[in-house]
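Worth knowing before you read on, the calculation uses all heavy atoms, side chains too, and leaves out hydrogens, waters and symmetry mates.
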Amino acid sequence: MTDLQLRDVPQGVLLPVRVQARAKHAGVVGIYAGALKIAVTTAPEKGRANRAVHAILAELLQIAPQRLRLVRGATSCAKQFLVVGLCAAEVLQRLGLHGPS
């Protein structure tokens, strides 16, 4: 089981994300306080870090970028994304945190 705190909603699933900006390397770091921790090399200025996280998540989840929406935390390191059209089990499987049942 995972400590990632996903929440199914009618549109899809809410995915909590913790962002580490200005990191040496970009990518998923792990799980931190119930959120997926993602490092980006960009600075948190003018939405650059948000765009970098958005791109990493879309690629990681193998979805079109339009199916991923930032719903909370635009100016914070603690963010919440809506993954449209997937459920929590599908997100966990695509993240490699939970195998198929």
Side-chain angles (χ1 to χ4, degrees):
M1 202 57 154
T2 177
D3 291 335
L4 188 59
Q5 297 178 0
L6 300 174
R7 189 169 56 130
D8 284 312
V9 294
Q11 304 91 344
V13 64
L14 292 173
L15 171 63
V17 175
R18 182 88 172 177
V19 178
Q20 177 186 348
R22 293 186 176 119
K24 268 189 171 179
H25 304 284
V28 174
V29 177
I31 301 201
Y32 175 80
L36 186 66
K37 186 169 182 182
I38 297 179
V40 294
T41 57
T42 57
E45 299 168 346
K46 299 181 183 176
R48 289 183 185 118
N50 288 340
R51 288 190 295 274
V53 170
H54 190 274
I56 289 170
L57 281 175
E59 183 178 336
L60 189 63
L61 295 171
Q62 302 168 1
I63 59 172
Q66 298 84 352
R67 292 181 55 196
L68 194 58
R69 297 185 193 132
L70 177 61
V71 294
R72 186 177 300 150
T75 60
S76 170
C77 61
K79 303 183 183 304
Q80 191 171 59
F81 282 86
L82 172 65
V83 183
V84 177
L86 294 180
C87 68
E90 291 172 309
V91 169
L92 288 173
Q93 183 176 352
R94 289 177 186 216
L95 291 173
L97 298 174
H98 187 265
S101 302

Heavy-atom pair of closest approach, residues [X] and [Y]:
X	Y	value
G34	P16	O-CG, 3.3 Å
I56	A26	CD1-CB, 4.2 Å
P65	A58	CA-CB, 4.1 Å
A35	R18	CB-N, 3.9 Å

**Prompt:** Going by the side-chain hydrogen bond (donor to acceptor under 3.5 Å, both in side chains) test, which pairs reach into residues 58-69, not counting sequence neighbours?
**Reply:** none
**Request:** For side chain to side chain contact (heavy atoms under 4.5 Å, CB included), just list the numbers for L97 and I31, CA-CA rounded to whole Å, side-chain angles, deciding distance to a tenth of an Å, and then say yes or no.
**Result:** CA-CA 10 Å; L97 298 174; I31 301 201; 3.8 Å; yes
**Item:** Under 4.5 Å side-chain linkage, directly or through intermediates, the cluster mates of V84
**Value:**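 Cluster partners of V84: V9, L14, V71, L82.
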**Message:** Which Ile, Leu, Val, Met, Phe, Trp or Tyr residues join Y32 in one cluster when any pair of side-chain heavy atoms under 4.5 Å counts as a link?
**Reply:**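 Y32 shares its hydrophobic cluster with no other residue.
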**Message:** Within the structure provided, determine whether H54 and L70 are in side-chain contact (heavy-atom separation under 4.5 Å).
**Reply:**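 No; the side chains remain at least 4.5 Å from each other.
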**Request:** Could you tell me whether the side chain of V83 reaches within less than 4.5 Å of the side chain of L86, counting heavy atoms only?
**Result:** yes
**Prompt:** Would Q20 and C77 satisfy side chain to side chain contact (heavy atoms under 4.5 Å, CB included), going step by step from the backbone distance to the final call?
**Reply:** CA-CA 7 Å; Q20 177 186 348; C77 61; over 6 Å; no
Path from [X] to [Y] over hydrophobic side-chain contacts below 4.5 Å:
X	Y	result
L6	L95	yes
L61	V29	no
L92	V13	yes

Is there a donor-acceptor contact under 3.5 Å from the side chain of [X] to the main chain of [Y]?
X	Y	answer
R51	K46	yes
K79	G73	yes
D8	C87	no
N50	A74	yes

**Item:** Distance in Å, H25 NE2 paired with T41 OG1, rounded so as to fall on 0.5 Å steps
**Value:** 10.0 Å
